[in-house]
Peer 1: 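This is the structure I have questions about; it appears just below.
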Amino acid sequence: MTEIEFVLARRQNAFFAELATILRDELRALGVTAEISPDGFSAPRPGLVHVLIPPHEYAALNGGELPPEPLARTIFICAEPPASPWFEGNVRLAPRAGAIFDINAAAVETFRALGIDAHHLPLGYTRSWDRFEASAERDIDVAFLGCATYRRSEVLAGHATALARHRCELVISDNDSPNPATSASFVAGEDKWGLLGRAKLLLNVHRSEFPPYFEWVRILEAIHCGAVVVSERSSHYAPLEPGRHFVSGAAQNLATLAEELLADDDRRTEIQLAAHEFIRERLPLRDSAARLAA
């Protein structure tokens, strides 16, 4: 029997700790022994395989390097957009891994173009995140969750007049250091689920114009909670379909798309129900958990 240990650093980003938790839960549901270690790598023993989500952050929080001995028995799961410094950190460490996965197919393509044998690990539906209530009263019209970048600030400022007409909750974080828990500029865990469960729409703006990276985690979190996603155009969003499971458009048109949906309860409900049903029936996270175990 294989035992899988998700190795986390203390004060690691909640974003990654939450991914480790849902993968652990799905593995356990498949009958696989899976644990989370917040204290580094356990001593080697037969059948033990380690997982880092992601390697660059664990290394950065532990002096910049990874211990050499267990890496051949360690799986890397990466979740950073290509061309970002964090992705480059994962690339630097990748040759030392036993296996490499990424949650976004665009990043997998970039890894492979660099000669790194990476594999896709799609995210999907998990009961651990499901807070869907079709009839819930939603007192937030538009929510935004994301770290501060010049481009995001510029896009949001361009929509300020339209957004000011509605009840908005903009949670803009500082990612210069990890965000391990809810703070004045960041939401995690039940605070995040509560906010998304109150929101009619989630506005999704890319960190940078290129690449047009589909923010799978944020979008799936919204769908799990019944918030309809209005996203600027992205690549590698399949099997989700724009217009059916989320709304997509140019960055300068996001406020217009949002206002149209806020004025059309039937259309918003149609997308909300279709997206949640699709991920529950067609995109179960257990499939990726089984791939990870294999």
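Source: prediction; values computed, not measured.
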Peer 1: Is there side-chain contact between Leu257 and Leu261, with heavy atoms separated by less than 4.5 Å?
Peer 2: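 No, every pair of side-chain atoms sits at 4.5 Å or beyond.
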
Peer 1: Donor-acceptor pair, Gln272 side chain versus Gly226 backbone, under 3.5 Å?
Peer 2: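 Indeed, once roles are kept as given, a pair shorter than 3.5 Å links the two residues.
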
Peer 1: If you define the side chain from C-beta out and look only at heavy atoms, does anything of Ile53 sit under 4.5 Å from Phe15?
Peer 2: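 Of all side-chain heavy-atom pairs linking Phe15 with Ile53, none is under 4.5 Å.
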
Peer 1: Compare every heavy atom of Leu201 with every heavy atom of Ala258, then report the nearest pair and how far apart it is.
Peer 2: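 Where Ala258 meets Leu201 most closely, the heavy atoms are O-CD1, 3.5 Å.
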
Peer 1: Roughly how far apart are Tyr213 OH and Asn204 CG, rounded to 0.5 Å?
Peer 2: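 Tyr213 atom OH to Asn204 atom CG measures 11.5 Å (nearest 0.5 Å).
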
Peer 1: Is it the case that one hydrophobic cluster holds both Phe76 and Leu292, taking links as side-chain heavy atoms less than 4.5 Å apart, direct or via other members?
Peer 2: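 Phe76 and Leu292: separate clusters.
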
Peer 1: What's the shortest heavy-atom distance between Leu123 and Ile103, and which atoms?
Peer 2: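 Smallest interatomic distance, heavy atoms only, reads CD1-CD1, 3.8 Å.
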
Peer 1: Is there side-chain contact between Arg167 and Ile140, with at least one heavy-atom pair below 4.5 Å?
Peer 2: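 Result no, sub-4.5 Å side-chain heavy-atom pair not found.
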
Peer 1: Between Leu48 and Ser42, is the side chain to side chain contact (heavy atoms under 4.5 Å, CB included) condition met? List the steps.
Peer 2: CA-CA 9 Å; Leu48 177 63; Ser42 295; 4.2 Å; yes

Peer 1: Give the minimum heavy-atom separation between Val32 and Thr2, together with the two atoms involved.
Peer 2: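 For Val32 versus Thr2, the nearest heavy atoms are CG1-O, 4.0 Å.
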
Peer 1: Specify the closest pair of heavy atoms between Ser231 and Ser234, including all atoms of both residues, with the distance to one decimal.
Peer 2: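 Minimum heavy-atom separation between Ser231 and Ser234: OG-OG, 3.7 Å.
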
Peer 1: How far apart are the C-alpha atoms of Asp266 and Thr269, what are their side-chain angles, what is the distance that settles it, and do they pass the side chain to side chain contact (heavy atoms under 4.5 Å, CB included) test?
Peer 2: CA-CA 5 Å; Asp266 291 341; Thr269 299; 5.7 Å; no

Peer 1: Looking at side-chain heavy atoms only, is the closest gap between Pro239 and Leu283 below 4.5 Å?
Peer 2: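 In contact.
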
Peer 1: Would Arg198 and Glu169 count as a salt bridge (charged side-chain N to carboxylate O under 4.0 Å, His left out) if you check the C-alpha gap in whole Å, the side-chain angles of each, and the deciding distance to 0.1 Å?
Peer 2: CA-CA 10 Å; Arg198 294 168 53 204; Glu169 187 81 21; 5.4 Å; no

Peer 1: Charged N to carboxylate O below 4.0 Å: is that the case for Arg92 and Glu65?
Peer 2: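 Glu65 and Arg92: salt-bridged.
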
Peer 1: Is it true that atom CD of Glu133 has more than 12 heavy atoms of other residues, nucleotides or ligands lying nearer than 6.0 Å?
Peer 2: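 At most 12 heavy atoms, drawn from other residues, nucleotides or ligands, come within 6.0 Å of this atom.
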
Peer 1: Just checking, any donor-acceptor pair under 3.5 angstrom between side chains of Glu57 and Asn13?
Peer 2: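 Distance-only check passes for Glu57 and Asn13.
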
Peer 1: Side-chain contact, heavy-atom cut-off 4.5 Å: Glu5 with Arg73?
Peer 2: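 Not in contact.
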
Peer 1: Taking atom CG of Asp39 and atom CD1 of Ile36, what is their separation to the nearest 0.5 Å?
Peer 2: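 It comes to 12.0 Å.
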
Peer 1: Could Arg267 and Glu270 be called an ion pair, given the rule that one side-chain N must be under 4.0 Å from one carboxylate O?
Peer 2: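 Here Arg267 pairs with Glu270 in a salt bridge, since their nearest N and O are under 4.0 Å apart.
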
Peer 1: Is the CD atom of Gln252 crowded by more than 12 outside heavy atoms at less than 6.0 Å?
Peer 2: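 Enclosed: over 12 neighbouring heavy atoms sit under 6.0 Å from CD of Gln252.
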
Peer 1: Is any side-chain N of the basic residue among Glu26 and Arg127 closer than 4.0 Å to the acidic one's carboxylate O?
Peer 2: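 Result for this pair is no, no salt bridge flagged.
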
Peer 1: State yes or no: do Trp86 and Leu93 share one hydrophobic cluster built from I, L, V, M, F, W and Y residues joined by side-chain heavy-atom distances below 4.5 Å, directly or via other members?
Peer 2: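 Trp86 and Leu93: separate clusters.
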
Peer 1: Taking the six-membered ring for Trp, are Tyr125 and Phe132 closer than 6.0 Å centroid to centroid?
Peer 2: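 No, they do not, as the ring centres are separated by 6.0 Å or more.
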
Peer 1: Taking Gly124's backbone N and O only, do any of them form a donor-acceptor pair with Thr126's side chain (distance below 3.5 Å, no angle check)?
Peer 2: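 Here the side-chain-to-backbone pair does not exist.
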
Peer 1: Are Leu195 and Ile172 joined in one hydrophobic group, where the rule is that I, L, V, M, F, W and Y side chains link up if heavy atoms are under 4.5 Å apart?
Peer 2: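 In one cluster with Leu195: Ile172, no.
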
Peer 1: In Å, rounded to the nearest 0.5 Å, how long is the span from CG of Leu203 to CG of Leu254?
Peer 2: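 One gets 5.5 Å once the value is rounded to the nearest 0.5 Å.
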
Peer 1: Going from SG on Cys168 to NE2 on His159, what distance comes out if it is rounded to the nearest 0.5 angstrom?
Peer 2: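 Spacing of SG (Cys168) from NE2 (His159) equals 11.5 Å.
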
Peer 1: Hey, is Arg165 close enough to Glu259 for a salt bridge, meaning N to O under 4.0 Å?
Peer 2: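 A salt bridge links Arg165 with Glu259.
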
Peer 1: Under a 3.5 Å distance rule, please check whether His206 uses its side chain to pair with a backbone N or O of Arg233 as donor and acceptor.
Peer 2: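 Answer holds: yes.
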
Peer 1: Keeping Arg138 on the side-chain end and Ala199 on the backbone end, is there a donor-acceptor pair under 3.5 Å?
Peer 2: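 Answer holds: yes.
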
Peer 1: Okay, side chain of Arg291, backbone of Leu121: is any donor-acceptor separation there less than 3.5 Å?
Peer 2: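 No; judged by distance alone, with no hydrogens or angles, the pair does not exist.
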
Peer 1: Quick one: does any side-chain atom of Ser288 pair with a main-chain N or O of Pro122 as donor and acceptor, under 3.5 Å?
Peer 2: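 Flag set: sc Ser288 to bb Pro122 pair under 3.5 Å.
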
Peer 1: Kindly say whether Ala148 contributes a backbone atom to a donor-acceptor pair with the side chain of Asn175 at under 3.5 angstrom?
Peer 2: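 Here the side-chain-to-backbone pair does not exist.
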
Peer 1: Students often mix this up, so state it plainly: with edges at 30° and 60°, are the rings of Phe101 and His119 parallel, tilted or perpendicular?
Peer 2: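 Aromatic pair Phe101/His119 classed tilted.
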
Peer 1: For Pro178 and Gln12, which heavy atoms make the closest approach, and how far apart are they?
Peer 2: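 Shortest heavy-atom contact: CB-C, 4.4 Å.
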
Peer 1: With Trp129 as reference, evaluate Leu196, Ile223, Val217, Ile279 under the side chain to side chain contact (heavy atoms under 4.5 Å, CB included) test and give the passing residue.
Peer 2: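 Going through the options one by one, the only one that passes is Val217.
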
Peer 1: To the nearest 0.5 Å, how far apart are CG in Asn104 and OG in Ser235?
Peer 2: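 Interatomic distance, Asn104 CG to Ser235 OG, rounded to 0.5 Å: 6.5 Å.
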
Peer 1: Would a single hydrophobic cluster contain both Leu156 and Val171, if residues Ile, Leu, Val, Met, Phe, Trp and Tyr are joined by side-chain heavy-atom contacts under 4.5 Å?
Peer 2: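 Different clusters: Val171 never reaches Leu156 through Ile, Leu, Val, Met, Phe, Trp or Tyr contacts under 4.5 Å.
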
Peer 1: Check whether Asn62 reaches the backbone of Tyr58 with its side chain - one donor and one acceptor, N or O, closer than 3.5 Å.
Peer 2: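 Flag set: sc Asn62 to bb Tyr58 pair under 3.5 Å.
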
Peer 1: Quick check: closest heavy atoms across Ala107 and Glu80, and the distance to 0.1 Å?
Peer 2: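 Distance-wise, the nearest heavy atoms are CB-O, 4.2 Å.
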
Peer 1: Using the rule that Ile, Leu, Val, Met, Phe, Trp and Tyr join whenever any side-chain heavy atoms are under 4.5 Å apart, tell me whether Val229 and Ile271 fall into a single cluster.
Peer 2: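 No, Val229 does not connect to Ile271 through the hydrophobic network.
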
Peer 1: May I ask you to say whether Arg131 pairs ionically with Glu221, meaning some side-chain N is under 4.0 Å from a carboxylate O?
Peer 2: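 No, this pair does not count.
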
Peer 1: Carefully, step by step, assess Phe144 and Leu163 under the rule side chain to side chain contact (heavy atoms under 4.5 Å, CB included).
Peer 2: CA-CA 11 Å; Phe144 171 84; Leu163 293 176; over 6 Å; no

Peer 1: Do Arg152 side-chain atoms and Val205 backbone N/O form a donor-acceptor pair below 3.5 Å?
Peer 2: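 The answer is yes, because a donor-acceptor pair under 3.5 Å joins these two groups.
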
Peer 1: Less than 6.0 angstrom separating the ring centers of Phe16 and Phe6, yes or no?
Peer 2: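 For Phe16 and Phe6, the ring centres are not under 6.0 Å apart.
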
Peer 1: Output, in order, the C-alpha distance, side-chain angles, deciding distance and verdict of side chain to side chain contact (heavy atoms under 4.5 Å, CB included) for Asp102 and Asn90.
Peer 2: CA-CA 10 Å; Asp102 200 291; Asn90 289 332; 5.7 Å; no

Peer 1: Could you measure the distance from the NE2 atom of His120 to the CZ atom of Phe111? Nearest 0.5 Å is fine.
Peer 2: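 The distance works out to 12.0 Å.
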
Peer 1: Do Arg96 side-chain atoms and Leu66 backbone N/O form a donor-acceptor pair below 3.5 Å?
Peer 2: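 Side chain of Arg96 to backbone of Leu66: a pair is present.
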
Peer 1: Any side-chain heavy-atom pair from Cys78 and Pro55 closer than 4.5 angstrom?
Peer 2: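 Answer yes - side chains close enough.
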
